[in-house]
Asks: 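Mind having a look at this structure? Questions to follow.
Here, residue 1 is the first one in the sequence, and each next residue gets the next number. Keep in mind the model is a prediction, meaning the values are calculated, not measured.
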Amino acid sequence: MIVRRTINKDEVRELPKAVFPGQIHVIRSEAETIKAVTYLQSKSVLGIDSETRPCFKKGQSHKVALLQISSEECCFLFRLNITGLSQPLIDLLENPEVIKVGLSLKDDFMMLHKRAPFHQQSCIDLQDYVRPFGIQDKSLQKIYAILFKEKISKSQRLSNWEADVLSDSQKQYAAVDAWACLNIYNLLQELKRTGNYKIALEPEEKNIS
């Protein structure tokens with residue numbers, strides 16, 4: 001596999017859209033949280049992401065509204081604006097036996113800490129993890145496009161994540177983001193194991209060689 005260092009927006013725009021193929025579960029109660037976390041605690045690696053209602057007025061701020069955590073088969077959308085960041089979720093975030101993979105995790109955790117104190121463990125930030133593979137892009141959309149030749153839609157990013165009912169488009173958007181992080185990690189782990197990849201040369205490097 002040839003791994004490119006970077007990809008431009010025009011190239012990304014032409015790619016087919018990534019779609020989460022598994023089941024999406026919206027979690028709105030403590031009982032549902034416990035059930036979902038019991039399932040997630042049985043996994044060795046998970047993809048995570050979060051969404052916050054956007055602010056359009058100066059001085060306005062919101063807490064994290066949604067925490068999405070995905071296995072390969074299921075993505076759970078925890079509606080933190082309804083349930084809060086409860087103890088079962090904190091236990092999962094603090095569990096050193098379960099790897100949590102995301103992008104810009106420092107920002108996600110900074111926001112999550114405003115809901116409740118916890119000490120996250122076994123977390124991998126893809127912005128750091130992709131560097132040894134030559135990837136210079138920092139956005140999830142571009143990293144995913146380089147590795148999977150699919151684009152992650154950003155159309156719902158500024159939608160209302162505190163809406164009474166999340167739309168199908170919001171649910172798909174949220175699930176794809178968490179699942180994509182897991183996909184990227186799994187592929188890079190396989191490439192590391194097999195060594196079956198080459199970092200693409202930049203045009204100037206080609207000229208030198």
Asks: How far apart are the closest heavy atoms of S50 and Q68, and which atoms are they?
Replies: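 Closest pair (atom of S50, atom of Q68, distance): CA-OE1, 3.4 Å.
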
Asks: If you define the side chain from C-beta out and look only at heavy atoms, does anything of L112 sit under 4.5 Å from L80?
Replies: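 A side-chain contact under 4.5 Å exists here.
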
Asks: Taking Q172 for its side chain and S169 for its backbone only, find out whether a donor-acceptor pair lies under 3.5 Å.
Replies: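 No: the side chain of Q172 does not pair with the backbone of S169.
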
Asks: Would a hydrophobic clustering, with Ile, Leu, Val, Met, Phe, Trp and Tyr connected at side-chain separations under 4.5 Å, put L67 with I24?
Replies: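 They do not share one cluster, since no chain of ILVMFWY contacts under 4.5 Å joins L67 to I24.
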
Asks: Looking just at side-chain N and O atoms, do Y144 and K149 make a donor-acceptor pair shorter than 3.5 Å?
Replies: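 No pair is found: no donor N or O on one side chain lies under 3.5 Å from an acceptor on the other.
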
Asks: Please answer whether the main-chain N or O of A200 pairs with a side-chain N or O of R5 as donor and acceptor at a distance below 3.5 Å.
Replies: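 The answer is yes, because a donor-acceptor pair under 3.5 Å joins these two groups.
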
Asks: Please examine the side chains of F78 and T33, heavy atoms only from C-beta on, and report whether any two atoms are closer than 4.5 Å.
Replies: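 Yes - at least one pair of side-chain heavy atoms lies under 4.5 Å apart.
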
Asks: For the backbone of C74 and the side chain of H25, can you confirm whether one donor and one acceptor N or O come within less than 3.5 Å of each other?
Replies: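 Checking the backbone N and O of C74 against the side chain of H25, no donor-acceptor pair under 3.5 Å is found.
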
Asks: Answer yes or no: is there a side-chain heavy-atom contact under 4.5 Å between V176 and V19?
Replies: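 SC-SC contact between V176 and V19 ruled out.
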
Asks: With heavy-atom distances below 4.5 Å as the criterion, would you say the side chains of L166 and L66 are in contact?
Replies: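 Yes - at least one pair of side-chain heavy atoms lies under 4.5 Å apart.
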
Asks: Rounded to the nearest 0.5 Å, how far apart are CD of Q136 and CD1 of I7?
Replies: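 Rounded to the nearest 0.5 Å, the CD-CD1 separation comes to 13.5 Å.
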
Asks: Given L188 and L147, is the side-chain contact (heavy atoms from CB on, under 4.5 Å) satisfied, shown in steps?
Replies: CA-CA 9 Å; L188 294 182; L147 292 172; 4.0 Å; yes

Asks: Determine whether W179 and I27 fall in the same hydrophobic cluster, where Ile, Leu, Val, Met, Phe, Trp and Tyr are linked whenever their side-chain heavy atoms lie under 4.5 Å apart.
Replies: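 No, it is not one cluster - the side chains of W179 and I27 are not joined through contacts under 4.5 Å.
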
Asks: When clusters are formed by joining ILVMFWY residues with side-chain heavy atoms under 4.5 Å apart, either directly or through shared neighbours, do V101 and L77 land in the same one?
Replies: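 Yes: a chain of side-chain contacts under 4.5 Å links V101 to L77.
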
Asks: Under 4.0 Å between a Lys/Arg side-chain N and an Asp/Glu carboxylate O for D128 and K106?
Replies: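 Not counted as a salt bridge, because no side-chain N and carboxylate O are separated by less than 4.0 Å.
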
Asks: Working to the nearest 0.5 Å, report the span between CG of L89 and CD1 of I34.
Replies: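 Going from CG on L89 over to CD1 on I34, the span is 10.0 Å.
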
Asks: Same cluster or not: I124 versus F109, using hydrophobic residues (I, L, V, M, F, W, Y) connected whenever any side-chain heavy atoms lie under 4.5 Å apart?
Replies: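 In one cluster with I124: F109, no.
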
Asks: Would you name the heavy atoms of V26 and K171 that are closest together and state the gap between them?
Replies: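 What the structure gives for the nearest pair is CG2-CD, 3.5 Å.
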
Asks: Is the side chain of E94 donor-acceptor paired with the backbone N or O of D91 at a distance under 3.5 Å, no angle test?
Replies: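 Not confirmed, E94 side chain does not pair with D91 backbone.
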
Asks: Rounded to the nearest 0.5 Å, what separation is found between the CD atom of Q189 and the OG1 atom of T194?
Replies: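 Those atoms lie 11.0 Å apart.
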
Asks: Taking the side chain as every heavy atom from C-beta outward, state whether V98 and V45 have any atom pair closer than 4.5 Å.
Replies: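 SC-SC contact between V98 and V45 ruled out.
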
Asks: Roughly how far, to the nearest 0.5 Å, is OH of Y173 from OG of S153?
Replies: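 Here the interatomic distance stands at 8.0 Å.
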
Asks: For P96 versus Q121, what's the shortest heavy-atom pair and its separation?
Replies: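 Scanning both residues completely, I find the closest heavy atoms to be CB-OE1, 3.8 Å.
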
Asks: Which pair of heavy atoms, one from A163 and one from R79, lies closest together, and at what distance?
Replies: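 Shortest heavy-atom separation between A163 and R79 comes out as O-NH2, 2.6 Å.
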
Asks: Please check if the side chain of N196 supplies one atom and the backbone of L191 the other of a donor-acceptor pair under 3.5 Å.
Replies: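 No; zero donor-acceptor contacts below 3.5 Å.
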
Asks: With a 3.5 Å cut-off and no angle check, do the side chains of Q41 and N95 form a donor-acceptor pair?
Replies: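 Q41 vs N95: donor-acceptor pair found between side chains.
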
Asks: Between K100 (side chain only) and L92 (backbone N and O only), is there a donor and an acceptor less than 3.5 Å apart?
Replies: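 Present.
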
Asks: For I143 versus V130, what's the shortest heavy-atom pair and its separation?
Replies: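 Looking at all heavy atoms of both residues, the closest pair is CG2-CG1, 4.0 Å.
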
Asks: Can you measure from CG (N183) to CZ (F20) and round to the nearest 0.5 angstrom?
Replies: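 N183 CG to F20 CZ: 9.5 Å, rounded to 0.5 Å.
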
Asks: Find out whether Q127 and L105 are in side-chain contact, i.e. whether some heavy atom of one side chain is under 4.5 Å from a heavy atom of the other.
Replies: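 Not in contact.
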
Asks: Taking NZ, NE, NH1 and NH2 as the nitrogens, is one of them in E32 or K35 under 4.0 Å from a carboxylate oxygen of the other?
Replies: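 Result for this pair is no, no salt bridge flagged.
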
Asks: How long is the gap from NZ on K142 to CG on D137, to the nearest 0.5 Å?
Replies: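 K142 atom NZ to D137 atom CG measures 5.0 Å (nearest 0.5 Å).
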
Asks: Indicate yes or no: at least one non-hydrogen side-chain atom of E72 is less than 4.5 angstrom from one of L46.
Replies: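 Result no, sub-4.5 Å side-chain heavy-atom pair not found.
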
Asks: Considering only heavy atoms from C-beta outward, does the side chain of K43 approach that of E73 to under 4.5 Å?
Replies: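 Side chain of K43 against side chain of E73, heavy atoms only: contact under 4.5 Å found.
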
Asks: Just by distance, with hydrogens left out, do E190 and N186 show a side-chain donor and acceptor under 3.5 Å apart?
Replies: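 No, because no side-chain N or O of E190 sits under 3.5 Å from a partner of the opposite role on N186.
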
Asks: Transitively linked via ILVMFWY side-chain contacts under 4.5 Å: I99 with I184?
Replies: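 Yes, I99 connects to I184 through the hydrophobic network.
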
Asks: Shortest non-hydrogen contact from A145 to V12?
Replies: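 Closest pair (atom of A145, atom of V12, distance): CB-CG2, 4.0 Å.
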
